[in-house]
Number of protein chains: 2
Amino acid sequence: MRVSLKDVAEHAGVSVKTVSNVVNKYPHVTPAMREKVQRAIDDLGYRPNLTARHLRKGRTGIIALAVPELGNPYFAELAGDVIDAAAAHDYTVLLDHTQGRRERELLVTQGFQARVIDGLILNPLELEAEDLAAGTGSGPLVLIGERSYDLPYDHIAIDNIAAARTAVRHLLELGRRRIAFLGARGDRPSQPSHLRLLGWQAELAARGVTADEALVAPVEGWDRADGAAAMAALLDAGQRPDAVFAYNDLIAIGAMRVMSERGLRVPEDVAVVGFDDLTEGRYGAVTLTTVAPDKKAIARLAVESIVGRLAGKNDEASRGGDGSGDGDGIGRREGGHSRELRPGFALMERESTLGRAARG
Amino acid sequence: MRVSLKDVAEHAGVSVKTVSNVVNKYPHVTPAMREKVQRAIDDLGYRPNLTARHLRKGRTGIIALAVPELGNPYFAELAGDVIDAAAAHDYTVLLDHTQGRRERELLVTQGFQARVIDGLILNPLELEAEDLAAGTGSGPLVLIGERSYDLPYDHIAIDNIAAARTAVRHLLELGRRRIAFLGARGDRPSQPSHLRLLGWQAELAARGVTADEALVAPVEGWDRADGAAAMAALLDAGQRPDAVFAYNDLIAIGAMRVMSERGLRVPEDVAVVGFDDLTEGRYGAVTLTTVAPDKKAIARLAVESIVGRLAGKNDEASRGGDGSGDGDGIGRREGGHSRELRPGFALMERESTLGRAARG
DNA sequence: ATGAAAGCGCTAACAC
DNA sequence: GTGTTAGCGCTTTCAT
């Protein structure tokens, strides 16, 4: 059934080495020989067994990507970008989702050392620094998303404080003063939304506007329903913000839905800025202004980090000496020091008030 | 630095077989021995090399899923469900997207025979029957999505004609008579939207309503922008439908946006039904009525199809003739005949007119 | 330029 | 119950 290198070699009357040479495009093969072997390959319909190749080379060509939730379009779009970026380096992507649960995140970081993968790109939500400090196995690990851990792994995230400040500045320039922040999580300061909340505070302070903590609305999760609940809670508490900066677009969308239900107009009564630049945000009754992280850059940098460290490991191994004297050098810094990489972002300002003009 | 079975065996002073027995939870091991080996495993931090195991067993525990586009929330959500369904069978998922391009779809079906995967779940958009007829390699292939090919592969899709008829019937019962269909593709009748268009025609005919072909709007793609363009074209052509049945929710959302821009009210002026049950559809200014395919069932059936055929192949091929002699041709059917599986669907009727009540 | 042979790390006969 | 050993299919020195 399954035809192997040896079968091809026998069929062509040559050694396996020669067939291997042809398959791997080794340059020093005579054209005649190459053709003969190629014919045998075609005759038998030979396909190399990648698993065997991987075992031999110690590489699989697969990198894993673990995001919280594919149902969140941000992560879905990011996953698509990672797949494309990986393909550019001849890598395929094993996808997993953690549902933002710490145990699942932990499982991913620990389990992947035994997996058939060369490296892992992880977007943690709940994971703590100490979970990672224990070490994560043999392959390179790169963290994406806004949390910052002081750990020896590459970390890729936009400057969330600056991005949040940009969003809040935009609302201030619109003349708004009671700017709510939707998407705080009370339990731990290291939560994902913390940096954006910090940005909100910093920008208000810089402009001399009082940061009213009553306008900070906590959320249970990061989806539309959570945004709706947060906005409803805010309004039920008697707050009347004139602007909303939401942790992400989904929360903003949920909040806008509630405002619509309660007869508040966006942006006249309440201006809204989200985060993530979901396509979805462009097609509501009101086009959502949003902070747009450069997803493609994030994806590309993450993949390049993995690929680079893999290559670095190779160089180091083949050269023997040199290296920065990192004894066991497994898992951590195996191709240079860890880096903080900062892709760009942009404020997509497009809070158009559709429908009104057309209606006259 | 990688510690292997042999290292553990030496460290524990036993044979590799014994270590392997412990690792694989082989029952007939004395507790004392088991503990001794386990300690050696812990001491050395041994992790089994899955690649080697895979090579040996001929299985990788990985199935591939290829969808058109992760940016489409329907496919993103489906991918999440497939990952969960696969995890229930101890499989992981390699994800790819074809961008709905025939060459990419073809590449996936052909390339996967050489991949490190046990099977493939493919949602084709452009692929033709003859592309698949050529054969696809060694592992099981299962097709999902509405296209029907008369080919020996399992195929999983809801009854699209019945689902479309349900949607149109709903609009007819609302008293609408000029029901547009958004999402036709003129080029080939085997295109994805064909069955839904058929359902539209069939239901109108059954109710004695003239199917006005001028109300059938073609699209370039399946995204929001395509729905917006199609709706705009329809209106620009002077058509005034009182209802819209869209091929999917994204097209419906794009169309609603255009209606909003032109002062048409949903659902008063134009009632809308979409398809896919995206969460997004529940959070617009108007909650979108939609046909909801049972995504989890689709995912589960697809995974079970692969897993089942893999198991079947095992039973059949347990006589692995090696060495001398003529290899008796191992047949094509590897686990039973191909099946058509039909998960359910439901009409999610929730075209509420929010905002008015609250405002009134 | 091509061939012979030694494993990569693991599992599963088959012995003891 | 535990040890020995032969490969899974491939790449890769080391010869020739």
Side-chain angles (χ1 to χ4, degrees), chain A residues 1-38 40-41 44-61 113-116 118 138 314 317-318, chain B residues 1-38 40-41 44-61 113-116 118 138 314 317-324:
Chain A
M1 183 182 81
R2 195 74 170 162
V3 15
S4 76
L5 256 197
K6 206 171 88 182
D7 299 328
V8 176
E10 282 169 11
H11 189 84
V14 299
S15 79
V16 290
K17 173 64 161 72
T18 304
V19 181
S20 177
N21 282 342
V22 171
V23 170
N24 293 296
K25 307 194 196 321
Y26 181 68
H28 303 293
V29 185
T30 58
M33 180 63 81
R34 183 180 301 280
E35 194 183 339
K36 184 165 76 174
V37 171
Q38 188 56 53
I41 288 175
L44 271 44
Y46 168 74
R47 292 286 150 191
N49 179 325
L50 287 242
T51 305
R53 179 178 293 175
H54 295 161
L55 173 59
R56 183 60 229 230
K57 303 182 72 156
R59 296 277 189 80
T60 63
Q113 56 193 342
R115 286 236 158 287
V116 248
D118 292 341
S138 51
N314 243 16
S318 57
Chain B
M1 275 306 128
R2 193 78 175 158
V3 11
S4 75
L5 256 197
K6 207 171 87 180
D7 299 328
V8 177
E10 282 169 10
H11 188 83
V14 299
S15 80
V16 288
K17 175 62 161 71
T18 304
V19 181
S20 177
N21 282 341
V22 172
V23 170
N24 293 295
K25 307 194 197 321
Y26 181 68
H28 304 293
V29 186
T30 58
M33 180 62 83
R34 183 181 301 281
E35 194 184 337
K36 184 165 76 173
V37 171
Q38 188 57 52
I41 288 175
L44 270 44
Y46 167 75
R47 293 286 151 191
N49 179 327
L50 287 241
T51 304
R53 181 177 290 175
H54 294 161
L55 173 59
R56 184 59 230 231
K57 303 182 73 156
R59 294 278 190 80
T60 62
Q113 56 192 342
R115 287 234 159 286
V116 245
D118 291 341
S138 50
N314 235 19
S318 49
R319 295 290 122 231
D322 65 337
S324 63

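Chain identifiers are assigned alphabetically (A, B, ...) following the order of the sequence lines, protein sequences preceding nucleic acid strands; residue numbering begins at 1 within each chain.
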Is any side-chain nitrogen or oxygen of A:Thr18 closer than 4.0 Å to OP1 or OP2 of C:dT2?
no

Steps toward side chain to side chain contact (heavy atoms under 4.5 Å, CB included) verdict (A:Ser20, A:Leu5)
CA-CA 7 Å; A:Ser20 177; A:Leu5 256 197; 4.0 Å; yes

Tell me, with the steps shown, if A:Val116 and B:Thr60 meet side chain to side chain contact (heavy atoms under 4.5 Å, CB included).
CA-CA 9 Å; A:Val116 248; B:Thr60 62; over 6 Å; no

Look at the side-chain N and O atoms of A:Thr51 and state whether any lies under 4.0 Å from the OP1 or OP2 oxygen of D:dC10.
no

Considering every strand and a 4.0 Å limit on heavy-atom distances, what is the contact class for B:Val14: base, sugar-phosphate, or nothing?
sugar-phosphate

Please determine if a side-chain N or O atom of A:Asn24 lies less than 4.0 Å away from the OP1 or OP2 oxygen of D:dT11.
yes

The side chain of A:Asn21 lies closest to which of these nucleotides: C:dT2, C:dG9, D:dT4?
C:dT2

Do A:Asp7 and A:His11 pass the side chain to side chain contact (heavy atoms under 4.5 Å, CB included) test, and can you show the C-alpha distance, the side-chain angles, and the key distance before you say yes or no?
CA-CA 6 Å; A:Asp7 299 328; A:His11 189 84; over 6 Å; no

Can you measure A:Lys57 atom NZ to D:dT11 atom P for me and round it to whole angstrom units?
7 Å

Please state how far atom NZ in A:Lys6 lies from atom P in D:dG9, giving the value in whole angstrom units.
9 Å

When you check the phosphate oxygens OP1 and OP2 of C:dG9, does a side-chain N or O of B:Ser4 lie under 4.0 Å from one of them?
no

Taking the side chain of A:Ser15 as heavy atoms from C-beta outward, which of C:dA4, C:dA6, C:dT11 is closest to it?
C:dA4

5'-most by nearest nucleotide on DNA chain D - B:Leu55 or B:Tyr26:
B:Tyr26

Specify the separation, in whole Å, of atom NE2 of B:His28 and atom P of C:dT11.
18 Å

Find the distance A:Arg59:CZ to D:dC10:P and express it as a whole number of Å.
20 Å

Tell me which nucleotide among C:dG9, C:dA1, D:dT5 gets nearest to the side chain of A:Thr30.
C:dA1

To the nearest Å, give me how far apart CD (B:Glu35) and P (D:dT2) are.
13 Å

Output yes when at least one side-chain N/O atom of B:Asn49 is less than 4.0 Å from OP1 or OP2 of C:dC8, else no.
no

Quick one: does A:His54's side chain have a donor or acceptor within less than 3.5 Å of a partner on A:Leu50's backbone?
yes

Starting at atom CE of B:Met33, determine the distance to atom C1' of D:dG3, rounded to an integer number of angstrom.
10 Å

How is B:Val29 classified with respect to the nucleic acid when contacts are heavy atoms under 4.0 Å: base, sugar-phosphate, or nothing?
sugar-phosphate

Just do the side chain to side chain contact (heavy atoms under 4.5 Å, CB included) check on B:Val37 and B:Met33 with the steps written out, would you?
CA-CA 6 Å; B:Val37 171; B:Met33 180 62 83; 4.2 Å; yes

Using a cut-off of 4.0 Å on non-hydrogen atoms, how would the nucleic acid contact of A:Arg53 be classed: base, sugar-phosphate, or nothing?
sugar-phosphate

B:Ser20 vs C:dC10: side-chain N/O to OP1/OP2 distance below 4.0 Å:
no

Please report the distance, rounded to the nearest Å, between CG in B:Leu5 and C1' in D:dG3.
14 Å

Let me know the distance between NZ of A:Lys17 and P of C:dA6, rounded to the nearest Å.
16 Å

Closest contact, heavy atoms only, B:Pro48 versus B:Arg53:
CB-NH2, 3.6 Å

